[in-house]
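Naming convention: chains lettered A, B, ... in sequence-line order (proteins, then strands); numbering from 1 in each chain.
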There are 2 protein chains.
Amino acid sequence: MNLKDLASQLGLSPTTVSRALNGFPEVNEDTRRRVAEAARNANYRPNARAKGLATGRANAIGHVIPISSRHEIVNPIFGDFIAGAGEVYSRLGYDMILSIVDDEDQDRAYREIRSKGNVDGVIVHGPAENDPRIPLLAELGLPFVVHGRATGTTLPYSWVDVNSARAFRRATDFLMDLGHRRIALVNGLEFMDFAIRRRRGYVEALAERGLTADPELMVQGEMTETQGHNAARAMLRLPDPPTAFVTSSLLSAMGVRRAVEEAGLVMGRDVSIVTHDDDLGYLKNGDGEPIFTATRSSVREAGRKAAAMLIDLISDPAPTPRNELLDAVLVVGNSTGPAPQSKAPIGKG
Amino acid sequence: MNLKDLASQLGLSPTTVSRALNGFPEVNEDTRRRVAEAARNANYRPNARAKGLATGRANAIGHVIPISSRHEIVNPIFGDFIAGAGEVYSRLGYDMILSIVDDEDQDRAYREIRSKGNVDGVIVHGPAENDPRIPLLAELGLPFVVHGRATGTTLPYSWVDVNSARAFRRATDFLMDLGHRRIALVNGLEFMDFAIRRRRGYVEALAERGLTADPELMVQGEMTETQGHNAARAMLRLPDPPTAFVTSSLLSAMGVRRAVEEAGLVMGRDVSIVTHDDDLGYLKNGDGEPIFTATRSSVREAGRKAAAMLIDLISDPAPTPRNELLDAVLVVGNSTGPAPQSKAPIGKG
DNA sequence: GCGCAAATTCAAAGCGCTTTGGATGCTGCT
DNA sequence: AGCAGCATCCAAAGCGCTTTGAATTTGCGC
């Protein structure tokens, strides 16, 4: 069932039917009703490709997921981001096109997307420092919104990001207020922009109180349970072990907790943990009362915001870069408590 | 830069250029080379919409992700499945179109997809018992492959699935071989097909040794850390607590472990755990030696298989249903050991 | 009853590609 | 020389929609 069929079935021209369905003013209200009803009955849906060809708009947004051996980006947060964005897309009649692209092929992939013309814009995931995709997309003239920011980029561009530095500064401050001085950082890979900012927030908070970050207490890596476990186990064996941890993900925090318990210590009493929590659908920080004290910011919400921003950008004839900085809230759970009195570890002065 | 431009730039007709690029035989090899080179230099890429319109094929596969209040399917395994499928798509020149659709709208969504004509086929995710999508898609004549199966469906259809029943039978057998008799099941939601099969495998294994499944030792729910924790905590307080757990996901298993440790018990000695492990990129069951004894089957691999199967199905003019049953392997980690001698719990019985 | 503007409707072109059904030239054979 | 057969190439139609420009109808003031 196509436009022509529908039109001839109604005894109208395709022109009129098209206009009736697309809400143009120059069509009689009676006719419009008739058309709408016939379309509904016939279960008519305009062919997306033809529509796209005719209008020049694809009504679709692209997401390019880099995948590589360097870092496994089949990221737990990706699903939630997509879900948030998807809500907006389906509400506004957009399709979402996903491309899984090898890291080295990114340049080619974006150019191809551009010339294939099946999307009106793209969302950039997981920006790194000086991310080359930003100048590339600007050059290609393809509208885009970055989920995160890219330190070092001078070009203006649109983004939605969490105030990572601020979140980690608050987390660190919170621990210092509780008397902690040896605070470890279990971070994501530090070529990723968010990880850079988180470390900065952590380092600055320490510095403000005259402390310097101890390299032995900072690790970076894939944010997995194992990472947290390995890092914490090693650190807790140091001569002067940390009394608190700041971690970049709930999974890492869970790993830290396991190491804490294996060491015969009690979380929230002997060792405190503050984690960042992306508030994922399937990885909740407890239902109701939080398990971990955390800086929380919903990735799904970020997905919604980014999608809405991009569509806004696309429909604006002379778009100027937009951006939105989301603040994480600090929720207090059972993983934090006052620093243990420094009955200094045995054997230490 | 479009076909016409490229053609006139080469002094050829669009027809010839099209044929040259698409590998038709009736074009001179010299011409073909010239065309190919010019296309490369101009960074020419055929417009996907126009091509689709002309050929009637979309060169895209749809994935409809149901999202609902009933169950949060922003599923941790989804990302990995997509990654696997995406590899195949990009290799074969297909796009992946994701639709996030409200549960109640599924019927409408599939019909819409059908008539919008922007995909050549779809992958069905998370089939439930008697899943209505299967007859619907068959009726619509839209090629599809199911990730999983749908108990109760009589129509033949194509699927890729893990032998869940067998995996859980083996897991249960393994524990019984170690002497366990009180074995709990922490399962996914039992309107999902995989959960039904897992329970069946578990129940059958018990029955084969003359045991009947104790309803008190079976729970179903979202497979989260909290679920595992809550379930295990409750069960470990029973007068006759389980000595072993079979869980449906690594996250649940992590929750069970936490409850075990909170109860002052040792995993692998006092309480054994076998879990199913989807071998996700960011949620590894240890690196190298497994943490948990597990039935392991890569969801990413399943994604690859399903994608390849669907494309195969699409290109076959008279497709007959295909299917592929993957077997999970049992990997032995540190979470299992002989059942403790029944020096019944202190203060009990 | 006439002219003009507003309200409706339509025919046809065009989006960028593929594909059908010829053209055109050339070779080799009779 | 004449023709079949092959290798190449091309013009034009068509995919299903939107949109431009024009035609037709209607309403209204005089």
Check: By ring pair (Phe, Tyr, Trp, His ring centres under 6.0 Å), which residues pair with B/Tyr89, not counting sequence neighbours?
Finding: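 By the ring pair (Phe, Tyr, Trp, His ring centres under 6.0 Å) rule, B/Tyr89 matches B/His63.
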Checklist line | Set of ring pair (Phe, Tyr, Trp, His ring centres under 6.0 Å) partners for A/His147, sequence neighbours left out | finding: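 Ring pair (Phe, Tyr, Trp, His ring centres under 6.0 Å) list for A/His147, sorted by chain: A/Phe81.
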Next item on the list: Calculate the interatomic distance between B/Leu10 atom CG and D/dT8 atom P; express it in whole Å.
Entry: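 Taking atom P of D/dT8 as the reference, CG of B/Leu10 is at 17 Å.
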Pairwise N/O distances under 3.5 Å, protein to nucleotides 26-28 of chain C:
none

Next item on the list: Applying side chain to side chain donor-acceptor pair (under 3.5 Å), name anything that partners A/Asn323, two or more places apart in sequence or on another chain.
Entry: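 Per chain and number, A/Asn323 pairs via side chain to side chain donor-acceptor pair (under 3.5 Å) with no residue.
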Note to self: For A/Glu87, give me all partners under side chain to side chain donor-acceptor pair (under 3.5 Å), at least two apart in sequence or on another chain.
What the structure shows: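 So A/Glu87 forms a side chain to side chain donor-acceptor pair (under 3.5 Å) with A/Arg300, A/Arg304.
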Item checked: Per-nucleotide protein contact string for nucleotides 9-19 of chain C, where B marks a base within reach and S marks sugar-phosphate only (heavy atoms under 4.0 Å, - for neither) -> BBBB-BBBBBB
Item checked: Residues in salt bridge (charged side-chain N to carboxylate O under 4.0 Å, His left out) contact with B/Arg91, at least two apart in sequence or another chain ->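 Result, salt bridge (charged side-chain N to carboxylate O under 4.0 Å, His left out) vs B/Arg91: none returned.
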Check side-chain contact (heavy atoms from CB on, under 4.5 Å) between [X] and all other residues, then give those that pass, not counting sequence neighbours.
X        : value
A/Asp279 : A/Asp277, A/Lys284, A/Arg296, A/Ser298
A/Ala7   : A/Pro14, A/Val17
A/Leu325 : A/Arg149, A/Trp159, A/Asp161, A/Asn163

Next item on the list: Test B/Val145 against every option in B/Leu310, B/Ile314, B/Val124, B/Val122 by the side-chain contact (heavy atoms from CB on, under 4.5 Å) rule and name the one that passes.
Entry: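 For B/Val145, the side-chain contact (heavy atoms from CB on, under 4.5 Å) check succeeds only for B/Leu310.
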Checklist line | Five-pair end axes of the helix from C/dG1-D/dC30 to C/dT30-D/dA1 and the angle they enclose, rounded to 10° | finding: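 Here the local axes at opposite ends form an angle of 60°.
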Check: According to the ring pair (Phe, Tyr, Trp, His ring centres under 6.0 Å) rule, which pairs have a member within residues 99-124 of chain A, sequence neighbours left out?
Finding: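 Ring pair (Phe, Tyr, Trp, His ring centres under 6.0 Å) check on residues 99-124 of chain A returns no pairs.
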